[in-house]
Structures are given as C-alpha cells and as structure tokens.
Amino acid sequence: MESKKTPFPSVPQAAVLLLFGFLLRHLIDLALYDARRVLGLTNEQITAMGLLLSNGILIALLAHFLGLGYRDIAHPAKASPAATFMLLVPPILLLLPLVLLLDGVLNAILAALLPLSSWEQQAFESMLAPTLASVIATCVLAPLFEEMLFRGILLRAFLARYPRGLAIGYSALYFGAVHMNVYQFFLAFFMGLLLGWIYERARSLIPCIALHAAVNASMVAISAMDDPASALGLVSASASTWAVAVAAAMAAAAAGAAALHYLLPRQAGIRGTDVA
C-alpha cells in the first residue's frame, strides 16, 4: 500500500522504537521466567519464546500502523520470490567463508583486548548452545525477525528519507547497537552494511535472511564442536595453509560480489518513491 505521508520512522523515531522493543522483550522474558516452573520452560525455550512474542508483536504493530502487508515488508520487489531465491542466494552464500573469517579475526582481537568475563562467556555459550530451542531462535527466528525489522521496516523508511549511504549506515549502526555487547557489535555493523546494500539493490529480504541464517547456523555448528580450533585444523595449520584458506575465501567472496553486482544494478531515482 502506497502512502504520501513522510516515511516512518526517522532515525530518532527508530531509536524510540528499538527502545520500546527492548523493554517489551524484557517484560515478556520476565513473565516467562516467572512462569517457567508452571510451563516447564528451559532458559533456551524462554529465549526463543521471548524473541518470537516480542518481535512478532512489534512487527505486527508496525505493519498495521504503516498499512503494510507482510509481503510488502518481505518482498516488495517486482521479481517473483522463487526467481529471487534461485538467482541471488547462491552468490550470497559465496560471501559466507569471508564473513566467518572476518568474525574469527574480530573475535580474536577483541578477546585479546577485552577478555570475556565468566558471565559473558556463559551468555554466549547459552546463545549458541546446540539445543532445539536455541537453534530455532538463533538460526530461524532471529534472521527472520531482525531482517523484517532492520531492513524491511527501518531501512525501507530510511532509504526514502536519506541518501543511500546514510540510510544503510544508520540501519547498520542500529543493528550493531541492539546486540548490546562490543564482541558482536563490529560484525553486526559490518553485516548490517552488507545486508543493507543487498536489500537496497534487491528490494527483497529473501537474500538477506538467507545470508543472516547461514552465518548464525555456521556459528552454532562451530560452537558445538568440543575444540573448534583443533576440529577445523586451525591449530596445526601452517602459514601456507592459512594463506590458501584466506585466498579461497576472498576468491569465493569476489565471485559472489561480482555476480551480485551484475544481478543487482543500482536503481536510480528511488528516494521517497517506493516506501510506505
């Protein structure tokens, strides 16, 4: 549904929305935690249910307020969802090795500068635990809801109000900030820039959700290993092996980026014309 009103939200309005979402999530988590014995919920199940309920409520309210259907949010592009998936997801997944490599480097640097506390370590382990509830929350619900909110609603409005670069940068900054810890901020900010560029070109959340889910699923799989460094051969790897791995990741990413650049030409004259 098209609207002639000033696109909502602006950057300051988005900050208020995210604060409301945080408070809503906190209240729902508290309610579920208090009822955990009656409902028989584990901590991982509380996390998954809190994510589902709080984000579902927030996105439903925003969709109603903006007069948008879920198709308008998820796939406003003219191309069919099936064609978008078939054409864009394969090159998108070629970016995955380089993203994971970047995450490993960032985590190593941050861990050396700012060692994790026992509480933070426990929180990350719980988040990436290979339980059914955690896998659903991390690999399905988080990619779906976060992409709908940050790209499908916030970036959609930002692109109609601000220049492309600023719009993508604002949405990426918020995406990094909501993770609420420095260890996830930098990768989330980088991912926000990448996913924002993809959304701006494709006007679809399908490739964004695919990459987001692939990154999260890979991290869950790696964390499930007893000794990830040894299991992946990182401890015994020689300098030449590392060089080959990095070169392969960069080559795959370059191929994926070239394909996306070809498939997703820049759209001219879109500011303020396609956002409710």
Side-chain angles (χ1 to χ4, degrees), residues 14 18 21 25 47-48 50-52 54-56 58-59 70 73-77 81 84-104 106-107 124 127-128 130 133-156 158-159 167-181 183-224 249 252-253 256-257 259-260 263-264:
L18 294 175
R25 171 72 184 274
T47 299
L51 180 64
L52 174 63
S54 60
N55 284 277
L58 179 60
I59 291 170
Y70 291 110
I73 296 173
H75 189 72
T84 299
F85 181 89
M86 295 296 293
L87 286 174
L88 297 184
V89 171
I92 285 287
L93 294 182
L94 287 175
L95 306 177
L96 181 60
L98 188 59
V99 171
L100 295 176
L101 183 62
L102 176 63
D103 177 60
L106 287 174
N107 282 339
F124 282 122
M127 184 189 310
L128 298 175
S134 290
V135 169
I136 291 174
T138 304
C139 304
V140 179
L141 298 181
L144 177 63
F145 286 130
E146 289 178 1
E147 292 310 311
M148 289 182 72
L149 179 59
F150 286 94
R151 258 61 67 180
I153 293 177
L154 298 190
L155 181 55
R156 178 188 175 97
F158 291 172
L159 285 168
I168 293 172
Y170 286 142
S171 66
L173 185 63
Y174 278 142
F175 185 56
V178 296
H179 288 79
M180 301 184 67
N181 67 81
Y183 306 100
Q184 291 180 292
F185 171 81
F186 291 102
L187 180 66
F189 177 70
F190 166 75
M191 283 288 294
L193 293 175
L194 176 58
L195 293 167
W197 179 85
I198 293 169
Y199 176 79
E200 189 269 326
R201 296 296 182 95
R203 293 304 160 127
S204 173
L205 295 184
I206 292 172
C208 302
I209 293 171
L211 180 59
H212 195 155
V215 170
N216 286 9
S218 298
M219 292 180 178
V220 170
I222 292 171
S223 69
L260 290 172
L263 292 169
L264 300 173

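- L51 is linked by a side-chain contact (heavy atoms from CB on, under 4.5 Å) to R25, N55, A137, L141, A142, counting only residues two or more places apart in sequence or in another chain.
- Note that CD1 of I59 is 5.5 Å distant from CD1 of I153, once rounded to the nearest 0.5 Å.
- The side-chain contact (heavy atoms from CB on, under 4.5 Å) check on L58 picks up F20, L62, L149, with sequence neighbours excluded.
- A214 approaches S218 most closely through the heavy-atom pair O-OG, 2.8 Å.
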task = Check the pair L263 / L88 against side chain to side chain contact (heavy atoms under 4.5 Å, CB included), numbers first and verdict last.
result = CA-CA 8 Å; L263 292 169; L88 297 184; 4.0 Å; yes
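- Looking at every heavy atom in both residues, A167 comes nearest to L155 through O-CD1, 3.5 Å.
- What you find for P207 and I198 is that their closest heavy atoms are CG-CG2, 3.8 Å.
- Between I209 and P143, the closest heavy-atom pair is CG1-O, 3.9 Å.
- For V135, the side-chain contact (heavy atoms from CB on, under 4.5 Å) partners at least two apart in sequence or on another chain are C139, V220.
- Scanning for salt bridge (Lys or Arg N to Asp or Glu O under 4.0 Å) contacts around E146 gives an empty result, with sequence neighbours left out.
- Shown here are the side chain to side chain donor-acceptor pair (under 3.5 Å) partners of S134, two or more places apart in sequence or in another chain: T131.
- The two atoms that bring E200 and R203 nearest to each other are O-NE, 3.2 Å, heavy atoms only.
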Show me the donor-acceptor pairs within less than 3.5 Å that the side chains of residues 183-197 make with the rest of the protein, sequence neighbours left out.
from, atom 1, to, atom 2, distance (Å)
Y183, OH, L114, O, 2.6
Y183, OH, P115, O, 3.4
Q184, OE1, N181, ND2, 2.6

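- Under the side chain to side chain donor-acceptor pair (under 3.5 Å) criterion, T138 pairs with no residue at all, not counting sequence neighbours.
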Taking distance alone, no hydrogens or angles, what donor-acceptor pairs closer than 3.5 Å link side-chain atoms of residues 91-104 to residues at least two apart or in another chain?
from, atom 1, to, atom 2, distance (Å)
D103, OD1, N107, ND2, 3.3
D103, OD2, N107, ND2, 3.3

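- Contact of the Y199 side chain with the E147 side chain is not registered, since no non-hydrogen atoms from C-beta on lie closer than 4.5 Å.
- For A14, the side-chain contact (heavy atoms from CB on, under 4.5 Å) criterion is met by P9, L154, F158, Y174, not counting sequence neighbours.
- Taking every heavy atom of both residues into account, S204 and H75 meet most closely at OG-ND1, 2.7 Å.
- Taking the ring-ring contact (aromatic ring centres under 6.0 Å, His included) definition, one finds that F150 meets it with F175, sequence neighbours left out.
- The main-chain N or O of L264 is found under 3.5 Å from a side-chain atom of R201 such that the two form a donor-acceptor pair.
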